[in-house]
Each structure stands twice: as C-alpha cells, then as structure tokens.
Amino acid sequence: MASKASGDIREPVNEQAIANMYATMRSEMSQFYSKITELEMEVSEHSLVIGAIQPLDPSRRCYRMVGGVLVERTIKEVLPAVQRNKAGLEEVIARLNEALEKKKKEIAEFELKHKIKIRKADTEANDDGNRKEGSAQGVLVGPANE
C-alpha cells in the first residue's frame, strides 16, 4: 500500500497541475528541436570549412579559434580536428533525436492518459469575431473635399 501511495504523489491532482506538466513537456520538446537545429547549423559550417580547406596544400598555414583564442596551425593539423568535431556533433544530434522521439512518445501517452486535446489558438476565433463585428457596424465617411 505504501508503494501505491508514493506512486500517487507523482500523479497530478487537478487540471491545472496536468496543464502545467503538459506545458513543461512541450517546452522540453521545443528545446530539443532548437538545440538540434543549432547543432545541425554547426555541422553545416564544419562541412563548409572541410570542403574549403581539404583540397589545399596540407603544409599551408591556417587559423583556428580555440577557446576564444586564434591559433596558427597548418591544414594538416586542423583538418582532422575539424572532422572529429563534425563527427562528434553528428553523434550528439543522433542522441538528441532519440531523446526527442522518446519525449514525443511520452507526450502522446500523457495526452491519451489525461484526454488532452489541442484547441486552435483563441486569437484566431477572436479575430474572426472582430471581423464580423466590424463589417456589421459599417463605416463612417466624411464629406468629400473637392
């Protein structure tokens, strides 16, 4: 019986708690999307750098930003490091995508469990209502200045 009571503590008590938990879960999912997008942009930048320096002479000088400090190196030294960084970023993106899928499933299960349905934004309904009111009121026109 004690295990059942401890399980009930995690269950939301009222609609507001359920809504807050749902909003938190949606926020987490949004954070996953934004981080994945950010890292994908970094991967594309790494690809551009690799494409630009790969055909060049390996003994040629190049500069690399390391911890906010610009360091002079050769292409032979920099290219493998940039390729490793790109591979690491791709691995992180893959893990974030897995976590995102888990979060999507978790949200779907939460929606089913608590019978959550997404309404269209209230602003759309208000905008439609305002348009109808505006057209029913008519337009005031002053005298023509000729």
Side-chain angles (χ1 to χ4, degrees), residues 1-137 139-140 142:
M1 180 136 174
S3 64
K4 187 174 184 179
S6 66
D8 291 343
I9 293 171
R10 292 190 67 196
E11 289 297 315
V13 179
N14 58 22
E15 289 180 15
Q16 185 63 40
I18 291 171
N20 289 341
M21 286 181 63
Y22 185 69
T24 302
M25 293 167 75
R26 299 277 301 196
S27 174
E28 290 172 4
M29 188 173 71
S30 176
Q31 290 173 354
F32 279 126
Y33 276 121
S34 63
K35 192 61 176 178
I36 288 169
T37 302
E38 177 186 333
L39 292 177
E40 285 175 343
M41 291 187 66
E42 283 191 37
V43 166
S44 71
E45 289 176 7
H46 278 67
S47 296
L48 287 172
V49 170
I50 290 169
I53 66 174
Q54 207 164 24
L56 301 176
D57 179 27
S59 62
R60 186 172 175 174
R61 279 188 296 159
C62 69
Y63 297 90
R64 179 174 183 225
M65 184 74 72
V66 178
V69 178
L70 200 58
V71 181
E72 183 179 342
R73 299 278 189 241
T74 63
I75 289 178
K76 184 172 91 177
E77 295 169 330
V78 171
L79 186 59
V82 174
Q83 289 170 332
R84 276 193 311 273
N85 286 350
K86 180 184 173 200
L89 287 171
E90 289 170 340
E91 185 178 320
V92 170
I93 290 171
R95 279 195 242 131
L96 283 173
N97 277 322
E98 290 172 9
L100 176 65
E101 290 304 315
K102 286 180 186 175
K103 184 57 72 176
K104 283 181 181 179
K105 287 178 185 175
E106 183 181 334
I107 288 173
E109 289 170 3
F110 192 80
E111 286 173 347
L112 285 173
K113 181 178 180 180
H114 297 286
K115 299 175 183 154
I116 296 174
K117 293 187 175 136
I118 307 297
R119 281 189 274 165
K120 288 191 177 184
D122 292 334
T123 56
E124 290 178 13
N126 289 341
D127 289 346
D128 290 343
N130 290 342
R131 283 187 214 131
K132 290 176 186 172
E133 289 175 13
S135 63
Q137 292 176 352
V139 178
L140 294 175

Query raised in the report: So does Glu15 have more than 12 non-hydrogen atoms from other groups sitting under 6.0 Å from CD?
Result: no

Query raised in the report: Taking all atoms of both residues into account, what is the closest heavy-atom pair of Glu111 and Arg26, and its distance?
Result: OE2-NH1, 4.4 Å

Requested in this report: State, yes or no, whether a side-chain contact exists between Tyr63 and Val78 at a heavy-atom distance under 4.5 Å.
Outcome: no

Contacts under 3.5 angstrom, residues 68-77 side chains, donor-acceptor by atom type, not counting sequence neighbours:
from  : atom 1 : to    : atom 2 : distance (Å)
Glu72 : OE2    : Arg61 : NH1    : 3.4
Thr74 : OG1    : Glu77 : N      : 3.4
Glu77 : OE1    : Thr74 : N      : 3.2

Report task. Considering only NZ, NE, NH1 and NH2 on the basic side and carboxylate oxygens on the acidic side, decide whether Glu106 and Lys102 come within less than 4.0 Å. Result -> no

Requested in this report: Without swapping roles, check the side chain of Thr37 against the backbone of Tyr33 for a donor-acceptor pair under 3.5 Å.
Outcome: yes

Requested in this report: Report the distance from atom CD of Gln31 to atom CG of Leu96, rounding to the nearest 0.5 Å.
Outcome: 11.5 Å

Query raised in the report: Below 4.5 Å, heavy atoms only, C-beta onward: do Glu28 and Thr24 meet side chain to side chain?
Result: yes

Report task. For Lys35, look at atom NZ and say whether over 12 heavy atoms of other residues, nucleotides or ligands are found less than 6.0 Å away. Result -> no

Requested in this report: Hey, could you give me the CG/CD distance between Asn85 and Glu45, rounded to the nearest 0.5 Å?
Outcome: 12.5 Å

Report summary line: In this structure, CZ of Arg84 is separated from NE2 of His46 (nearest 0.5 Å) by 11.0 Å

Report summary line: The reported gap from CD1 in Ile93 to CG in Leu39 (rounded to nearest 0.5 angstrom) is 5.0 Å

Report task. Please check if the side chain of Ser47 supplies one atom and the backbone of Val43 the other of a donor-acceptor pair under 3.5 Å. Result -> yes

Requested in this report: For Tyr22 and Ile107, run side-chain contact (heavy atoms from CB on, under 4.5 Å): C-alpha distance rounded to whole Å, both residues' side-chain angles, the deciding distance at 0.1 Å, then the answer.
Outcome: CA-CA 7 Å; Tyr22 185 69; Ile107 288 173; 3.8 Å; yes

Query - Candidate pair Gln83 and Gln54, rule side-chain contact (heavy atoms from CB on, under 4.5 Å), full reasoning - result: CA-CA 10 Å; Gln83 289 170 332; Gln54 207 164 24; 3.6 Å; yes

Query raised in the report: What is the distance from atom CZ of Phe110 to atom CE of Met21, rounded to the nearest 0.5 Å?
Result: 4.5 Å

Query raised in the report: Taking NZ, NE, NH1 and NH2 as the nitrogens, is one of them in Lys104 or Glu101 under 4.0 Å from a carboxylate oxygen of the other?
Result: yes

Query raised in the report: To the nearest 0.5 Å, how far apart are CZ in Arg64 and CG in Leu79?
Result: 10.5 Å

